There are 2 protein chains.
Amino acid sequence: MILYGRDMSPFARRVAIWCDLQGREVERRQLLVAGPQWEEIKAVNPLGRVPALVLDDGEVLVETAAIIDHLEETAPEEARLLPAGGAERRRTLQDIAYATSTAEKIVALVYDKVRRPEEFHYPAWIERLEGQIRAGIQVLEGRVPEAGWLSRTDQPMGGDIAVAIAGEMVEVVFPDLDVGDTPMLDRLVADMRGLPAFAETRPKP
Amino acid sequence: MILYGRDMSPFARRVAIWCDLQGREVERRQLLVAGPQWEEIKAVNPLGRVPALVLDDGEVLVETAAIIDHLEETAPEEARLLPAGGAERRRTLQDIAYATSTAEKIVALVYDKVRRPEEFHYPAWIERLEGQIRAGIQVLEGRVPEAGWLSRTDQPMGGDIAVAIAGEMVEVVFPDLDVGDTPMLDRLVADMRGLPAFAETRPKP
């Protein structure tokens, strides 16, 4: 399989780590969603968005949740990273939902504050996004247990991956943004760094 | 259940129609994600995003894909709107993925072009979003069959809902945006208007 998208995309990174924890071989194409590399991405996904996963038979899958649905369905049961159903699945999908929401707002802030010339910065919108990121990070902080994984098993699973990616990303990309105290989230990110797939995909701004 | 989010949100609207087609009773709270009503949304989802679905026991679910996962899991088999697995599920989730991607870019363009004072409009970004919307709509056009539903059954299912919402939204919100010819998509939207849940939730800009 070939995965399009850089580690700077919290969504491409999530797919990369997911594949690794499931023991899958994936060839990475860490292309920019801007400049000439964007054309290469658009040849795979006409919208020019990542992640895009090209399966071994050439079928292209786009959008993180849809890609992960396929990865889960085709993995052996013991390699699945989402609970099969019930309250545990709902809880894990909400861990992922809040992490995704927060990560989307971090990406939106990159677009609004980093990629846009300063004369087009709209302060009210930047303030709104910063507030949403702070709220999201605090929701995640409240969901991380005092010890152990969000999965409540002896290994990190889908919720841990998504939450740790969002927590690490805000710190890497916006180190000056005050998101409040996050001792639980910091602990989770530190623990996740014990996994090569997480440590080696730390985004480089 | 209580659903937060207006019909103008393609994601809240998708959840509303999904619930209706599954025969579920849902109380709508069509609140604006701006102004004083935003505080009411933030009391339910601290990030202030919709959709948010409050279950009958008070549990809150956020994020469209996670909400729909729960609706599918708890529906009787004959009321499910996604295929259970395999190539059919993958195809339907890709219909939804491209529709979601396109709808996200339409929402981003609303933020960039409608909600932001004109002096902060960044032409290069608006052009990029318009190109992504055009590409997304054309992908959807290519996925709609010549006749019948995307579901390939005798009734519209999850893919039809998502694709028709994206197709109708661009036409309602940006009628002057040239997205190219879309005879198949227009036909699908027209057919979907035969469903009260779709017709009655048409967004009012």
Side-chain angles (χ1 to χ4, degrees), chain A residues 33-34 38 42 45-49 52 55 59-70 73-74 82 84-87 89-102 104-105 108 111-112 115-117 119-125 128 131-139 142, chain B residues 33-34 38 42 45-49 52 55 59-70 73-74 82 84-87 89-102 104-105 108 111-112 115-117 119-125 128 131-139 142:
Chain A
V33 288
W38 201 34
K42 283 197 277 192
N45 176 359
L47 277 92
R49 302 186 84 192
L55 305 183
E59 186 178 345
V60 176
L61 299 183
V62 302
E63 214 260 328
T64 311
I67 291 170
I68 281 174
D69 190 274
H70 171 72
E73 187 187 340
T74 55
L82 290 178
R89 182 176 177 91
R90 214 158 55 238
R91 185 175 55 73
T92 302
L93 290 182
Q94 286 301 295
D95 292 337
I96 294 174
Y98 283 110
T100 299
S101 268
T102 306
E104 284 176 359
K105 295 300 169 186
Y111 287 162
D112 258 47
R115 295 225 193 133
R116 187 186 288 257
E119 69 260 38
F120 299 117
H121 288 197
Y122 177 31
W125 198 254
R128 180 186 171 100
Q132 289 180 297
I133 293 167
R134 190 178 304 116
I137 290 289
Q138 286 301 324
V139 169
Chain B
V33 289
W38 201 35
K42 283 197 279 193
N45 176 359
L47 277 92
R49 302 186 84 191
L55 305 183
E59 186 177 345
V60 176
L61 299 183
V62 302
E63 213 260 329
T64 311
I67 291 170
I68 280 174
D69 191 273
H70 170 71
E73 188 187 340
T74 54
L82 290 177
R89 182 178 177 90
R90 215 158 55 238
R91 185 175 55 74
T92 303
L93 289 182
Q94 287 299 296
D95 292 337
I96 294 174
Y98 282 110
T100 297
S101 268
T102 306
E104 283 175 0
K105 294 301 169 187
Y111 287 162
D112 258 47
R115 296 224 193 135
R116 187 186 289 258
E119 69 259 37
F120 299 118
H121 287 195
Y122 177 30
W125 199 254
R128 180 186 170 99
Q132 288 180 297
I133 294 166
R134 189 177 305 116
I137 290 289
Q138 285 300 325
V139 169

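Please read these numbers as outputs of a predicted model, since none were measured by experiment. Every chain is numbered from 1 and lettered A, B, ... according to where its sequence line falls, protein lines coming before strand lines.
- Your options are B:Q138, B:E119, B:H121, and the one with the most heavy-atom pairs under 4.5 Å with chain A is B:H121.
- With chain A as partner, the option from B:G131, B:G136, B:P117 having the largest number of non-hydrogen pairs under 4.5 angstrom is B:P117.
- When each of B:H70, B:K105, B:Q94, B:R89 is checked for heavy-atom pairs under 4.5 Å with chain A, B:Q94 comes out on top.
- Classified by interplanar angle (parallel below 30°, tilted 30° to 60°, perpendicular above 60°), the ring pair B:W125/A:Y111 is tilted.
- For the side chain to side chain donor-acceptor pair (under 3.5 Å) test, residues two or more places apart in sequence or in another chain that qualify with A:R116 are B:D112.
- To the nearest 0.5 angstrom, B:R49 atom CZ is 4.5 Å from A:E104 atom CD.
- Between chain B and the options A:L93, A:T74, A:I133, A:I96, the largest number of non-hydrogen pairs under 4.5 Å is found for A:L93.
- In this structure B:E59 satisfies the salt bridge (Lys or Arg N to Asp or Glu O under 4.0 Å) test together with A:R90, sequence neighbours excluded.
- Each of A:T102, A:D69, A:N45, A:T64 has some count of heavy-atom pairs under 4.5 Å with chain B, and the biggest count is that of A:D69.
- No other option in A:P46, A:G48, A:A108, A:S101 has as many heavy-atom pairs under 4.5 Å with chain B as A:S101.
- When the candidates A:E63, A:K42, A:R134, A:E73 are compared by the number of heavy-atom contacts under 4.5 Å with chain B, A:E73 comes out ahead.
- For a residue to count as touching a neighbouring chain, one of its non-hydrogen atoms must lie under 4.5 Å from one of that chain's; by this rule A:V139 touches chain B with the side chain only.
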